[in-house]
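So the structure is just underneath, and the comments pick up after that.
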Amino acid sequence: MYVRKRKGRWDSKMADKKLDSGSDDGSDEGVVGNVNKFAVVPPGYTGRPKKGHLIFDACFECGNLGRVDYITEYEYDLFIRPDTCNPRFRVWFNFTVENVKADQRIIFNIVNFSKTKSLYREGMSPLVKSSTRPRWQRIPAKNVYYYRCPDHRKNYVLSFAFAFDREDDVYQFSYCYPYSYTKLQTYLDTIEKRDLDYYTRELLCLSVQQRRLDLLTITSPENLDPDTAKKVIFVTARVHPGETPASFVCQGVIDFLVSNHPIAKVLREHIVFKIIPMLNPDGVYLGNYRCSLMGFDLNRHWQEPSPWAHPTLHATKQLLMELDSDPKIDLDFYIDLHAHSTLMNGFMYGNVYDDMDRYERQAIFPKLLCANADDFSMGNTSFNRDAVKAGTARRFLGGILDESSHCYTLEVSFFCYTTTTTSAILPYTEESYMKLGRNLAKTFLDYYKLTSLITPKPAASINMQQAQEKTLRSRRERGQENARQSQRSNFSMDGNGRSSCYSWQRSGDSDSSIHFRMQHREVRDRRY
């Protein structure tokens with residue numbers, strides 16, 4: 001049976017299991033859990049939901065949608081569930097919609113974002129896929145609006161128009177490409193089954209909810225001799241669970257280092273790579289944006305992490321301190337991978353030091369990375385010691401590790417990048433995030449060539465200038481092709497040549513024949 005919940009909402013749970021999920025007003029009070037197969041029907045309607053009465057669900061790994069309000073037949077207000085135990089952060093969303101009608105057209109308004117600045121102002125749009133089209137695609141930017149809304153305490157609202165085209169499909173919408181804890185475990189299991197002698201996976205500790213904190217060691221076996229001097233590069237990702245691009249970048253790093261690429265082989269011979277791919281597994285699993293299960297922003301607790309409240313951070317810090325104190329180990333790099341919600345491209349944050357020589361040395365690696373990655377921006381790269389960043393990994397470790405260590409935060413945009421060869425905005429894909437990770441790994445070879453740890457073979461330098469010219473030509477051609485592709489539709493055609501995209505407008509419809517007005521609100525300051 002279906003049980004009436006609040007105005008315009010029904011739940012498919014049994015009557016004796018129903019729970020009140022919040023108040024009817026526009027506040028965030030009561031938005032504490034995800035909707036679960038939640039059927040939204042018109043006020044006064046009784047009976048089972050009909051086709052076209054949308055059913056929302058976010059009760060799955062990495063899911064986030066806390067509440068749905070029926071506004072009209074064509075419009076719904078959606079509320080992001082705040083991070084667990086911390087109401088401040090409301091950015092990540094990830095939910096499904098089913099029980100749709102073909103050609104049903106809807107306006108979704110996400111009404112309780114906690115951030116005002118957003119890449120939605122720059123043309124970013126939500127991602128969508130469906131059960132018969134499992135590849136993520138961006139909703140056309142012309143159908144997306146980000147504006148300050150007087151009906152929601154003048155908060156910023158994301159509104160997007162969408163047309164469902166297949167009745168039997170389940171549609172999924174997300175802030176960015178999801179990368180779940182289960183996806184990571186499956187990926188690491190696959191590598192482990194290859195039984196590589198230069199790859200080791202260890203359990204560093206368990207999270208509060210007993211999930212794995214994996215530590216990967218990638219290096220040639222002879223480098224694991226405790227009496228051998230070592231150079232170590234330490235990489236971490238996903239301390240902020242909603243920053244999913246960081247996981248794709250990290251996977252790109254891992255993929256490259258365990259590959260048979262000649263550069264990867266040379267790096268494994270000389271360097272020990274320590275990688276923690278997911279520092280906040282509970283937050284990732286729960287669908288939080290920034291916090292752990294207990295509501296802590298872990299990247300503000302590096303100074304004194306608690307073994308019971310921040311066990312993954314505590315274990316990681318202990319390992320770093322052990323490596324730093326070992327006289328046979330040089331901890332050359334610590335790089336923490338993140339994603340940025342307001343800036344484009346990939347870029348780095350570094351520290352400011354009173355020692356001018358050390359300050360200048362740390363500028364070398366970002367410049368080398370910029371030469372290897374056409375999506376990396378030196379313009380966005382900066383070095384600072386802001387007080388509000390004092391508890392971050394970069395700031396804390398930069399002040400406590402040996403002076404020869406370089407500590408960086410690598411940021412990558414949730415949305416897009418531009419290159420030096422074209423001014424076109426190129427949206428990131430899962431593959432282009434991983435490519436940045438591969439380029440990051442390759443850049444370590446350039447760095448160690450400069451420091452003479454790795455000596456280039458004479459034959460390899462004969463045609464260096466020709467290779468560089470070829471690379472620049474390739475980048476220019478690729479940039480021009482990407483620019484052309486970005487102007488085309490992202491969506492495919494079916495076998496009959498008809499558009500099979502998720503679109504607001506059907507083929508043959510004119511703009512004037514389709515006009516749905518947002519009900520009960522004045523839309524001010526609309527910006528893409």
Side-chain angles (χ1 to χ4, degrees), residues 61-62 83 89 91-92 94 119 124 127 136 174-185 187-188 211 213-216 233-257 273-292 297-300 302 312-313 316 333-349 366 369 373 375-377 380-381 389 392-394 397 407-417 427-441 443:
E61 186 178 358
C62 298
D83 283 6
F89 300 107
V91 176
W92 173 260
N94 183 17
L119 284 165
M124 179 169 143
L127 293 164
W136 287 104
S174 186
Y175 179 76
C176 193
Y177 305 99
Y179 196 110
S180 68
Y181 171 78
T182 298
K183 179 182 175 74
L184 173 67
Q185 295 302 306
Y187 168 67
L188 297 182
R211 294 187 179 91
L213 181 69
D214 286 292
L215 169 67
L216 312 181
I233 294 174
F234 207 108
V235 178
T236 59
R238 291 299 286 281
V239 68
H240 291 151
E243 296 176 4
T244 57
S247 281
F248 291 103
V249 174
C250 190
Q251 181 172 326
V253 172
I254 298 168
D255 281 343
F256 183 79
L257 292 176
F273 290 89
K274 298 280 187 180
I275 302 174
I276 296 180
M278 193 169 283
L279 265 174
N280 190 350
D282 290 347
V284 170
Y285 188 90
L286 294 167
N288 286 353
Y289 174 67
R290 197 170 182 90
C291 295
S292 65
D297 180 346
L298 296 182
N299 205 34
R300 297 296 184 272
W302 278 91
T312 59
L313 209 62
T316 303
F333 285 90
Y334 173 82
I335 299 180
D336 193 20
L337 306 180
H338 286 255
H340 207 281
S341 63
T342 61
L343 295 178
M344 300 182 189
N345 290 74
F347 56 95
M348 278 182 152
Y349 291 131
L369 179 55
D375 60 327
F376 187 86
S377 168
N380 287 342
T381 295
K389 305 288 187 181
T392 64
R394 168 181 62 87
L397 295 172
C407 297
Y408 303 99
T409 299
L410 173 62
E411 299 271 3
V412 62
S413 174
F414 272 109
F415 174 38
C416 67
Y417 62 97
Y428 273 109
T429 63
E430 293 162 293
E431 169 56 29
S432 54
Y433 284 131
M434 288 190 282
K435 182 181 176 182
L436 177 59
R438 295 193 294 270
N439 287 331
L440 173 65
T443 303

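Bear in mind the structure is a predicted one, so any value in this text is a computation, not a measurement.
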Within this structure, what is the [atom1]-[atom2] distance for the pair [X] and [Y], rounded to the nearest 0.5 Å?
{"X": "L436", "Y": "L369", "atom1": "CG", "atom2": "CG", "result": "6.5 Å"}
{"X": "C416", "Y": "N345", "atom1": "SG", "atom2": "CG", "result": "7.0 Å"}
{"X": "N439", "Y": "S432", "atom1": "CG", "atom2": "OG", "result": "11.0 Å"}
{"X": "I233", "Y": "I335", "atom1": "CD1", "atom2": "CD1", "result": "7.0 Å"}
{"X": "W92", "Y": "S341", "atom1": "CH2", "atom2": "OG", "result": "13.0 Å"}
{"X": "F333", "Y": "F273", "atom1": "CZ", "atom2": "CZ", "result": "9.5 Å"}

**OP:** Would you check, one step at a time, whether the test side chain to side chain contact (heavy atoms under 4.5 Å, CB included) holds for L216 with I254?
**Re:** CA-CA 9 Å; L216 312 181; I254 298 168; 3.6 Å; yes

Atom of [X], atom of [Y] and distance for their closest heavy-atom approach:
{"X": "V253", "Y": "I275", "result": "CG1-CD1, 4.2 Å"}
{"X": "L119", "Y": "F414", "result": "CD1-N, 4.1 Å"}
{"X": "P281", "Y": "T312", "result": "CD-CG2, 4.2 Å"}
{"X": "L213", "Y": "M278", "result": "CD1-O, 3.3 Å"}
{"X": "V249", "Y": "V412", "result": "CG2-CG1, 4.1 Å"}
{"X": "Q251", "Y": "Y179", "result": "OE1-OH, 2.6 Å"}

For [Y], does its backbone N or O pair with a side-chain atom of [X] as donor and acceptor, under 3.5 Å?
{"X": "N380", "Y": "M344", "value": "yes"}
{"X": "S292", "Y": "G283", "value": "no"}
{"X": "H340", "Y": "T342", "value": "yes"}

Between [X] and [Y], is any side-chain donor less than 3.5 angstrom from a side-chain acceptor?
{"X": "T244", "Y": "S247", "answer": "no"}
{"X": "D336", "Y": "Y349", "answer": "no"}
{"X": "Y177", "Y": "T429", "answer": "no"}

Original post:
Is there a side chain to side chain contact (heavy atoms under 4.5 Å, CB included) between H338 and N299 once you walk through the steps?
Top reply: CA-CA 11 Å; H338 286 255; N299 205 34; 3.6 Å; yes

Subject >> Partner set under side-chain hydrogen bond (donor to acceptor under 3.5 Å, both in side chains) for S174, not counting sequence neighbours >> reply: none

Kindly indicate whether the side chain of [X], heavy atoms from C-beta on, has any atom under 4.5 Å from the side chain of [Y].
{"X": "Y285", "Y": "S180", "answer": "no"}
{"X": "V284", "Y": "C62", "answer": "yes"}
{"X": "D375", "Y": "K435", "answer": "no"}
{"X": "P241", "Y": "Y181", "answer": "no"}
{"X": "Y408", "Y": "T381", "answer": "no"}
{"X": "M124", "Y": "Y175", "answer": "yes"}

Subject >> Sequence neighbours excluded, every pair satisfying salt bridge (charged side-chain N to carboxylate O under 4.0 Å, His left out) that has a member inside residues 279-291 >> reply: R211-D282, R290-D297

Subject >> Contacts of type salt bridge (charged side-chain N to carboxylate O under 4.0 Å, His left out), residue R238, not counting sequence neighbours >> reply: none

Subject >> Pair Q185-D214, side chain to side chain contact (heavy atoms under 4.5 Å, CB included): steps then yes or no >> reply: CA-CA 9 Å; Q185 295 302 306; D214 286 292; 2.9 Å; yes

**OP:** Give the ring-plane orientation class for Y433 versus Y428, where under 30° counts as parallel, over 60° as perpendicular and anything between as tilted.
**Re:** parallel

Subject >> side chain to side chain contact (heavy atoms under 4.5 Å, CB included) evaluation trace for F234 with T316 >> reply: CA-CA 10 Å; F234 207 108; T316 303; 4.3 Å; yes

